[in-house]
Amino acid sequence: AAPMVLNLVLDLCDGNIYLDVQVTYDGVPILFHDFAPQHYGAKTIGQLDFQEIVELHNELTNLVELREIPEPLIFNVELKYPYRDDFELIPFCATQDLQTYCDPIMNVITTWNRRMFFSSFCKEVCIYMKNFQKIHPVYFLCDADDIDDSFEFVTSHHLDGMVCDSRCIFADESVIKRFKTAGLGLYTYGALNNDESHMIRQLELGLSGIITDCVQKAIKLTERFIP
């Protein structure tokens with residue numbers, strides 16, 4: 001999430017940019033992937049003040065700094081909030097309450113006039129964001145093992161779609177039609193999305209979008225499918 005890395009991604013990207021957002025103990029939304037910063041013992045981002053994290057990571061991006069990034073770039077904001085699997089991986093992971101986590105993010109983004117959407121593995125975060133703001137779409141993030149339950153969750157809580165591991169698509173391509181028929185968006189992530197043949201197949205099937213590390217390759221491929 002260092003600014004120089006972010007700038008590199010922006011230079012390469014022509015569409016959506018994927019952002020991991022967490023909130024510090026003193027209520028500052030930042031771009032940070034890992035729940036626990038290295039070299040800080042058994043403490044997570046939500047247990048540390050902004051200045052403490054800056055002292056560990058000299059280059060740290062505050063969500064507010066992204067205000068100046070011009071359209072038409074769309075922000076895909078993953079709301080990094082611990083859920084079941086995270087507690088198994090990080091036993092000491094402490095949880096902020098939903099309002100403490102979500103409200104600082106909403107306070108920032110509601111001042112922007114740009115396209116973006118939210119996603120999270122945490123069902124409670126998805127429900128909270130859908131209920132307390134109506135401007136930006138909310139997507140549920142899921143792994144490769146629970147498509148049916150995830151579809152039911154998305155539809156029952158009136159979310160806007162889902163982001164799943166692309167293995168789900170190749171295990172059952174009818175998943176895409178199911179979501180399109182329901183009027184829902186469907187994005188994928190995962191290692192397969194760095195492979196050109198897998199990208200092409202998903203685009204042929206009409207997927208809403210692909211999250212990939214190979215941005216330039218994806219942009220060139222996508223151009224073939226734009227009318």
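If you read the sequence from its start, that first residue is 1, and numbering goes on from there.
Of the possible polar contacts, none joining the D49 side chain to the E52 backbone as a donor-acceptor pair under 3.5 Å is found. At distances below 3.5 Å, at least one donor-acceptor pair connects side-chain atoms of Q133 with backbone N or O atoms of I135. In this structure a side-chain-to-backbone donor-acceptor pair under 3.5 Å is missing from N62 to E65. In terms of modelled atom types and a separation under 3.5 Å, the side chain of Q22 and the main chain of F32 share a donor-acceptor contact. Judged purely by atom type and a 3.5 angstrom limit, S208 has no side-chain atom pairing as donor or acceptor with the backbone of G185. Side-chain atoms of E173 never come within 3.5 Å of backbone atoms of F170 as a donor-acceptor pair (strictly under, hydrogens ignored). Side chain of S120 to backbone of L79: a donor-acceptor contact under 3.5 angstrom is found.
D165 and T188 share no donor-acceptor pair across their side chains, judged by distance under 3.5 Å alone. Between the side chains of S166 and N193, at least one donor-acceptor pair of N or O atoms lies under 3.5 Å.
The distance from the NE2 atom of H157 to the CD atom of E152 is 9.0 Å, given to the nearest 0.5 Å. In this structure, D20 CG and I45 CD1 are separated by 11.0 Å, a value rounded to the nearest 0.5 Å. Once rounded to the nearest 0.5 Å, the distance linking CD1 of I176 with CZ of R201 reads 8.0 Å. For the atom pair CZ of R178 and CE of M162, the computed distance is 8.5 Å after rounding to the nearest 0.5 Å. Rounding to the nearest 0.5 Å gives a distance of 4.0 Å between CD1 of I30 and CD1 of I53. A distance of 7.5 Å separates OG of S156 from CD1 of I127, quoted to the nearest 0.5 Å.
In the hydrophobic clustering of this structure, M106 groups with L63; members are Ile, Leu, Val, Met, Phe, Trp, Tyr whose side-chain heavy atoms approach within less than 4.5 Å, directly or through other members. Two different hydrophobic clusters hold L192 and I210 under the rule that ILVMFWY side chains link at heavy-atom gaps under 4.5 Å. Side-chain heavy atoms closer than 4.5 Å link hydrophobic residues (I, L, V, M, F, W, Y) into clusters, and following such links, even through other members, never connects L98 to Y25.
Pairing each heavy atom of G27 with each of P104, the nearest pair is O-CB, 3.6 Å. Between R114 and I69 the shortest heavy-atom distance is NH1-O, 2.5 Å. Here the closest non-hydrogen pair linking G161 and V154 is O-CG2, 3.7 Å. Pairing each heavy atom of D26 with each of F50, the nearest pair is OD1-N, 3.0 Å. Listed here is the closest heavy atom pair of M199 and C214: CE-CB, 3.9 Å.
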Steps toward side chain to side chain contact (heavy atoms under 4.5 Å, CB included) verdict (V163, Y189): CA-CA 7 Å; V163 184; Y189 65 90; 3.9 Å; yes

Audit row: Y18, D213, side chain to side chain donor-acceptor pair (under 3.5 Å) steps and yes/no: CA-CA 10 Å; Y18 200 92; D213 296 323; over 6 Å; no

Worked check of side chain to side chain contact (heavy atoms under 4.5 Å, CB included) between V23 and I105: CA-CA 8 Å; V23 176; I105 297 172; 3.8 Å; yes

Audit row: D160, L184, side chain to side chain contact (heavy atoms under 4.5 Å, CB included) steps and yes/no: CA-CA 6 Å; D160 300 279; L184 299 170; 5.7 Å; no

Worked verdict on L19 versus L66 for side chain to side chain contact (heavy atoms under 4.5 Å, CB included): CA-CA 10 Å; L19 309 170; L66 273 61; 3.3 Å; yes

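Side chains of E78 and F121 form a contact here, defined as non-hydrogen atoms less than 4.5 Å apart. Between C122 and K80, the closest side-chain pair of non-hydrogen atoms is not below 4.5 Å. Considering only heavy atoms from C-beta on, Q99 comes within 4.5 Å of Y128 through its side chain. Proximity of V125 to F118: side-chain heavy atoms (C-beta onward) are nowhere separated by under 4.5 Å. By the 4.5 Å heavy-atom criterion applied to side chains, I147 and C164 are counted as neighbours. Side chains of K180 and L186 form no contact here, defined as non-hydrogen atoms less than 4.5 Å apart. Looking only at side-chain heavy atoms (C-beta outward), N76 and S119 come within less than 4.5 Å of each other.
Relative to the ring axis of F75, R115 does not place its NZ or CZ within 45° and under 6.0 Å from the centre.
More than 12 heavy atoms of other shown residues, nucleotides or ligands fall within 6.0 angstrom of atom NZ in K123.
The aromatic rings of F117 and Y139 are tilted relative to each other, their planes meeting at an angle between 30° and 60°.
Ionic pairing of R167 and D172 is not present here: no N-O contact between side-chain nitrogen and carboxylate oxygen is shorter than 4.0 angstrom.
The salt bridge (Lys or Arg N to Asp or Glu O under 4.0 Å) search around D149 returns none, not counting sequence neighbours.
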